[in-house]
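So the structure is just underneath, and the comments pick up after that.
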Amino acid sequence: MNPARLWLVRHAQPLVAAGTCYGRLDLPADATATQAAAQRLAQALPTGATAHCSTLQRCEQLALSTQALRPDLTINRDDRLREMDFGAWEGRAWDHIGQRAIDAWSADFALHRPGGGDNLAELLARVAAALNDARRQARGGNDVVWFTHAGVARCVAWLLAHGERRMPRADEWPVPAPAWGAWEIHDLT
């Protein structure tokens, strides 16, 4: 029996101006790019996979488009797979947030709340909880699929490399994440 894997699938490019800060801002993704990603993913996914998706529409679009091509795929919504909340920064141009605010975040990277939203430690904790659940689900040998965001994918990579106890510094972030509409696969054993 092959080891169960976690598929981290990133949504297609959202419809937002370049240079805009968004995390929990509920933006749609490009429909054509979403459909193309769904077609590639539907061909690649194994049967019997358990799927979960962020409750933000850009991820739900890809999950539902994939499910339309793969009716055997059941989608479970999971709020833990949402992107980081940047509070008052959401929807603002990064250039208008101000270097002083960004420097304050960098100085206390894991615990500072950018824009008054989530801090990275909280995001890592909720992704760790979801990852532990994915490991339990995978004990049956079936793969687990997450339709999610770059921040969540980065947290998974961090957690797999460093565990839950070590918090990242700003100079260690961001770790790589899948491109728009792409995915990466991790062993869950």
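In this text, all values refer to a predicted model and were calculated from it rather than measured experimentally.
With sequence neighbours excluded, the residues that form a side-chain contact (heavy atoms from CB on, under 4.5 Å) with A37 are R40, L62. Listed by chain and number, the residues in a side-chain hydrogen bond (donor to acceptor under 3.5 Å, both in side chains) with T55 are D79, R82 (sequence neighbours excluded). For H112, there are no side-chain hydrogen bond (donor to acceptor under 3.5 Å, both in side chains) partners two or more places apart in sequence or in a different chain. Checked against side-chain contact (heavy atoms from CB on, under 4.5 Å), A153 has the following partners two or more places apart in sequence or in another chain: L8, A177, P178, E184. With sequence neighbours excluded, the residues forming a ring pair (Phe, Tyr, Trp, His ring centres under 6.0 Å) with F86 are W94, W105, listed by chain and number. For H186, there are no ring pair (Phe, Tyr, Trp, His ring centres under 6.0 Å) partners at least two apart in sequence or on another chain. Evaluation of the side-chain hydrogen bond (donor to acceptor under 3.5 Å, both in side chains) rule for Q39 yields no partner, not counting sequence neighbours. By the side-chain hydrogen bond (donor to acceptor under 3.5 Å, both in side chains) test, N76 pairs with no residue at all, sequence neighbours left out.
Applying the salt bridge (charged side-chain N to carboxylate O under 4.0 Å, His left out) test to pairs two or more places apart or on separate chains, those with a residue in residues 2-17 are R5-D143. Listed by first then second residue, pairs satisfying salt bridge (charged side-chain N to carboxylate O under 4.0 Å, His left out) with a partner in residues 54-69 read E60-R77, not counting sequence neighbours. Under the salt bridge (charged side-chain N to carboxylate O under 4.0 Å, His left out) criterion, no residue pair touches residues 144-165, with sequence neighbours excluded. Residue pairs meeting the salt bridge (charged side-chain N to carboxylate O under 4.0 Å, His left out) criterion with at least one member in residues 100-112, sequence neighbours excluded, do not occur.
In this structure a side-chain-to-backbone donor-acceptor pair under 3.5 Å is present from D26 to Q57. Checked by atom type and distance alone, the side chain of E90 pairs as donor or acceptor with a backbone atom of G23 at under 3.5 Å. The closest donor-acceptor contact from the side chain of E83 to the backbone of H149 lies at 3.5 Å or more, if one exists at all. A donor-acceptor pair under 3.5 Å links the side-chain atoms of T148 to the main chain of L81, judged by distance alone. Between the D118 side chain and the D85 main chain, a donor and an acceptor come within less than 3.5 Å of each other.
At a threshold of 4.5 Å between non-hydrogen side-chain atoms, the residues L160 and L131 count as touching. Side-chain contact check for L124 versus P168: some heavy-atom pair is nearer than 4.5 Å. Put simply, the side chain of D133 does not reach to within 4.5 Å of the side chain of H52, judged on heavy atoms. Counting heavy atoms from C-beta on, the side chains of R70 and T47 come closer than 4.5 Å. Proximity of C53 to V9: side-chain heavy atoms (C-beta onward) are nowhere separated by under 4.5 Å. In this structure, the side chains of C155 and W173 come closer than 4.5 Å at one or more pairs of heavy atoms. In this structure the side chain of W158 reaches within 4.5 angstrom of the side chain of R166, judged on heavy atoms. Within the 4.5 Å cutoff, no side-chain heavy atoms of L15 are placed close to those of L27.
Contact detail for D72 and G48: the closest heavy-atom pair is OD2-N, 4.2 Å. Scanning both residues, A138 and L188, for their nearest heavy atoms gives CB-CD1, 3.6 Å. For E122 against N119, the heavy-atom pair with the smallest separation is N-OD1, 2.8 Å. When every heavy atom of G151 is checked against every heavy atom of L123, the shortest pair comes out as O-CD2, 4.3 Å. Nearest heavy atoms, N142 versus A4: O-CB, 3.5 Å. Scanning all heavy atoms of the two residues, the minimum distance from A121 to L111 falls at CB-CD2, 3.8 Å.
One distance of note links CD of Q137 with OG1 of T50; it measures 5.5 Å at 0.5 Å rounding. A distance of 12.0 Å separates OG1 in T32 from CD in Q13, rounded to the nearest 0.5 Å. Here the CZ atom belonging to R113 is positioned 11.5 Å from the CG atom belonging to L120, to the nearest 0.5 angstrom. The distance from atom CD1 of I185 to atom CG of L45, rounded to the nearest 0.5 Å, is 8.5 Å.
Placement of I97 and M84 within a single hydrophobic cluster is found when ILVMFWY residues are connected by side-chain heavy-atom separations under 4.5 Å, directly or transitively. Hydrophobic clustering keeps V145 apart from V127 (ILVMFWY residues linked when any side-chain heavy atoms are closer than 4.5 Å, directly or through intermediates). Under the 4.5 Å side-chain heavy-atom criterion for grouping Ile, Leu, Val, Met, Phe, Trp and Tyr, I75 is not connected to W146 through any hydrophobic cluster. V152 and L25 are assigned to two separate hydrophobic clusters, defined by single-linkage of ILVMFWY side chains at heavy-atom distances under 4.5 Å. Connection of L73 to L41 is established within a shared hydrophobic cluster, with ILVMFWY side chains joined at heavy-atom distances below 4.5 Å, either directly or through further cluster members.
Neither side chain, E172 nor H162, offers a donor N or O lying under 3.5 Å from an acceptor on the other.
The one candidate from Y22, F147, W180 that meets the ring-ring contact (aromatic ring centres under 6.0 Å, His included) condition with H11 is W180.
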*Report the C-alpha separation of Q35 and L69 in whole Å, then their side-chain angles, then the decisive distance to 0.1 Å, and conclude whether the side-chain contact (heavy atoms from CB on, under 4.5 Å) test is met.*
CA-CA 10 Å; Q35 191 58 40; L69 299 168; 3.9 Å; yes

